[in-house]
Amino acid sequence: MYGVSAFASAEPAVTFDARDFEPRQQAAVVAAVALGYYVGVQIGMGLSFPPTTNTSVLWPPNSVLTAALLLLPVRYWWLCVAGALPVHVLLELAAGFPPRTVTALFVTNSLEALLAAGGVRYFGGAPTAFNTFHRVAIFSASAGLAAPLLSSFADAAVLSLLQGQSYWDVWIVRSLSNSLTELSVVPMIVLGVGALIARAPLPSPRRLAEMSLLAAGLILTALWVFGGSRDLPGLPPTPSVLLLPFYFWAALRFGVGGLSTALFATVFVATYEARLGHRPFEVLAPAEGLMALQMYLVVMAIPLMCAAGLLEERRRGETDLHARLRFESVLGRISGAFVRQPLDAALKESLRQVGKFCDADYAGLLQIGADDGDLHVELQWNEPAGAALLGTKCVAAFPWVFDRVRAGETVIIDGPNELPTDAATDRASFRGAGIRSAVVMPLSAAGRVEGALSLAILRPGPKPTWDLELLQLAAEVLANASARRKAELELDHGRQKIASMARLSSMGELTASLAHQLNQPLTGIRNNAEAAQRFIDSGRATLPLLREIMHDIVDDNQRASDVIYRVRELLARTESSPHELDANALVQNVVTLTASDALLRNVRVQLDLAPSTLPLRGNRVDLEQVLLNVITNAMDAVAGNPVPQRIVLLQTRSEDGFVHVSVRDRGAGLAADVADRIFEPLVTTKAEGMGMGLAVARSLVDNHGGSICAANHRDGGAEVTISIPGLSATS
Amino acid sequence: MSSNATVAVIDDDLSVRRSLARLLASAGYEVVTCSSAEEFLATSGTPRPACLVTDVRMPGMTGLDLLDELRAREPSLPIIVLSGDADAGAAAYVHAAGAVRFLLKPFASEDLLGALAEALESR
């Protein structure tokens, strides 16, 4: 099955109704029906009683036909006739029946199968499933009762007219025999062939053991009941009730198929014993005893079969509910992952959950690349068996599959043989990687295929059933998330660009300030050195004077070195991993960096630092950048004030597990419409500002799991507060 | 070494101030130092300096503010302005305001001493 766009139904039964048969397959069907019919006739003749008559306890050929009609689509029913007719004619003629009788009996046999299969199909809807009360009841009524009873009128007419047998005797014998056969043979064949077609796995060893135990118990009990029971004194005349527990066992544990097999086995044993001269029922002659047994089995089988159907329905309901719950818990976990975890981790977790749920060995998330428009594997998950797929370039290896996926189709492939002949590359890749089954789903956002979700099973096993409903939902979640991921990657890229731009621009501002800071010691050093030279040249140099000059030169040199050291520290991009930092030290460091700028603009920077250290974990360069941006803004804000009011107040404190640094200025404050948007890019209050500083600050603070906000202080001016999660605060 | 003329040095940076004082002293000048423009204006006592050497970038009153102030009070006092910034605007302003020289820090001692000698001669 490939190219499924709609959800497959969860119907477990096999049906060929939608399938077209090639001539080769049609021939196989004809051969299978012929063989089944032949075996049926042989069994029927073997089970005839009394042995030399044509009255059989069980007559399987009609039921073989019924089963075939149930399994085959109506348009292929003629294949059954083609298979059964020659076998019927040959065998019956060989048995000595006149041709007219042979033909007429074939018509009546076919009539029974037509009535049975037609009734089931007309009223039931699912001809090959015996898994609900409704279906089993309709099967019992159509195939178990109506068809045998009605067709037996025709049978009786044929045999009484052409063979001179008693009409009602024939009718009653044929009705009972055909009814029992339909009930015991049809489910056995239909379910057996269905399991073969679906390549259903063998039952577990435990279940096989239980089956053997049941079979042994049933057959031994039947042998005893129908063979030797009359030798035991004191037993009631109908010991066949002893078989009831086994029928219950079969029906309740192995469903309709189990019960029908048990019935079949019982009839087999009973007939065998009757032919040995034993009486199935103590008080009756063997022939009458067998008829009584037939009636007993039919009457018992129908309600028990319905009960088995009901039970199966319940069990299936429970399994569905269980699957549903599991499904919902997987969906819940996937959605939860996106709330709790960063996007990449959540996507990975979702892939893992979906892969595990589907029992897959490999799960991959593909995304359409922005630059080339091709699908690329973004994330993958695998079990050890799926490791073979890790290095595969999916799109190159499976061009046929991904063409379909890009067109919006979901592709399910169970093995390389399901691929069409024009998918040679895909076929080879399937074989090469040893993929047993794979499903690839498009991930669509806004009607466009933006990526794909692929799952594969490599371990050997039966044909898997993919839960397409879950996959569809998961695909929707993943499509949204992967679109978000793509956007975030692009945004991150942009943010990095902006951050380095802002760093550069503030570096430009800093350069002037640093030049000034370096100029002072350099000037001092040069003046001192030249003064010393002059004193020496003029012979006025004294040792204490020279010592004093040298001392000053060394001091100035130290000052210059300190400046260089701080610049190097600010520029150090290598320090990208988070360190344990002290907020107070950060603030002091940045204040030192901006000191000369503050001096030039006559801004007084007042510090109100927490008495103890304020430990936090973060990236020094980033946080200094944030402080630098905010402090520069504050100094800009007070630039227009009279000198005594050019004050910037820096405060640090620890509160609620956070370290807060607030930068307050005595400026004009923020206009109401700006306060909300001040951290957005390109929003600025400065004539020559780019509007990047605070946007960058916010993204850097975000990266530290912190927040930054701006508000007007009640005593006037604006206050920007940076809050970063603290490390076990010491104050 | 020519004279014992008094030169006033105004700079907020102690190290620069001290080194300047030494350099001027090595050239034979008497030196008075102030750490701010305000301090200089406040000390109106004698002897009045024959020349003034001032930094631009200082807290409070800047060198340029001082220049404006002194142009009004003592137009004859020659002033040499020192600056760490290669600011063409400031240089032009200094010249327009009648200062003798605008020197970029750090400078060679000959430049300062030459400018000083020139200023004292033109007086």
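Quick note: numbers below take in every heavy atom, side chains included, and nothing from hydrogens, waters or symmetry partners. Computed from a predicted structure; not experimentally measured.
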**Q** State, to 0.1 Å, how close B:Pro106 and A:Asn519 come at their nearest heavy-atom pair, and which atoms those are.
**A**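 In this case the closest contact between B:Pro106 and A:Asn519 is CD-OD1, 3.0 Å.
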
**Q** Among A:Asn602, A:Ile553, A:Val603, who wins on heavy-atom pairs under 4.5 Å with chain B?
**A**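 Greatest number of close heavy-atom pairs with chain B: A:Asn602.
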
**Q** Could you check A:Asp556, A:Asp552, A:Asp555 and say which one makes a side-chain hydrogen bond (donor to acceptor under 3.5 Å, both in side chains) with B:Ser15?
**A**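 Of all the options given, the one that passes is A:Asp556.
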
**Q** Answer with side chain, backbone, both or neither: which region of A:Gln533 has an atom nearer than 4.5 Å to a non-hydrogen atom of chain B?
**A**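 Neither part.
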
**Q** Is A:Arg559 close to B:Asp13 at the side-chain level, that is, under 4.5 Å between some pair of heavy atoms?
**A**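 Of all side-chain heavy-atom pairs linking A:Arg559 with B:Asp13, at least one is under 4.5 Å.
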
**Q** Under the salt bridge (charged side-chain N to carboxylate O under 4.0 Å, His left out) rule, collect the residues that match up with B:Glu38, sequence neighbours excluded.
**A**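 Per chain and number, B:Glu38 pairs via salt bridge (charged side-chain N to carboxylate O under 4.0 Å, His left out) with no residue.
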
**Q** Which region of A:Ile549, side chain (C-beta onward) or backbone (N, CA, C, O), has a non-hydrogen atom less than 4.5 Å from a non-hydrogen atom of chain B, or is it both or neither?
**A**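 Both backbone and side chain.
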
**Q** Identify which part of B:Ala21 has an atom lying under 4.5 Å from any heavy atom of chain A, answering side chain, backbone, both or neither.
**A**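 Answer is neither: B:Ala21 stays 4.5 Å or more from chain A.
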
**Q** Sequence neighbours left out, what pairs pass side chain to side chain donor-acceptor pair (under 3.5 Å) with at least one residue falling in residues 521-531 of chain A?
**A**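 Every pair satisfying side chain to side chain donor-acceptor pair (under 3.5 Å) with a residue in residues 521-531 of chain A: A:Arg526-A:Glu530, A:Asn527-B:Ser19, A:Asn528-B:Arg22, A:Glu530-B:Ser109.
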
**Q** List the atom of A:Ala531, the atom of B:Ser26, and the distance in Å for their closest heavy-atom pair.
**A**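 Looking at all heavy atoms of both residues, the shortest contact is O-CB, 3.6 Å.
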
**Q** Side chain, backbone, both or neither: which part of B:Leu113 has a non-hydrogen atom closer than 4.5 Å to chain A?
**A**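 The answer is the side chain of B:Leu113.
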
**Q** Please say whether more than 12 non-hydrogen atoms of neighbouring residues, nucleotides or ligands are located less than 6.0 Å from CZ in B:Arg17.
**A**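 For B:Arg17, atom CZ is crowded (more than 12 foreign heavy atoms under 6.0 Å).
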
**Q** At their closest point, which heavy atom of A:Gln520 faces which heavy atom of B:Asp55, and how far apart are they?
**A**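 What the structure gives for the nearest pair is NE2-OD2, 4.3 Å.
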
**Q** Do other residues, nucleotides or ligands put more than 12 heavy atoms under 6.0 Å from the NE2 atom of A:His551?
**A**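 Count not over threshold, so no.
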
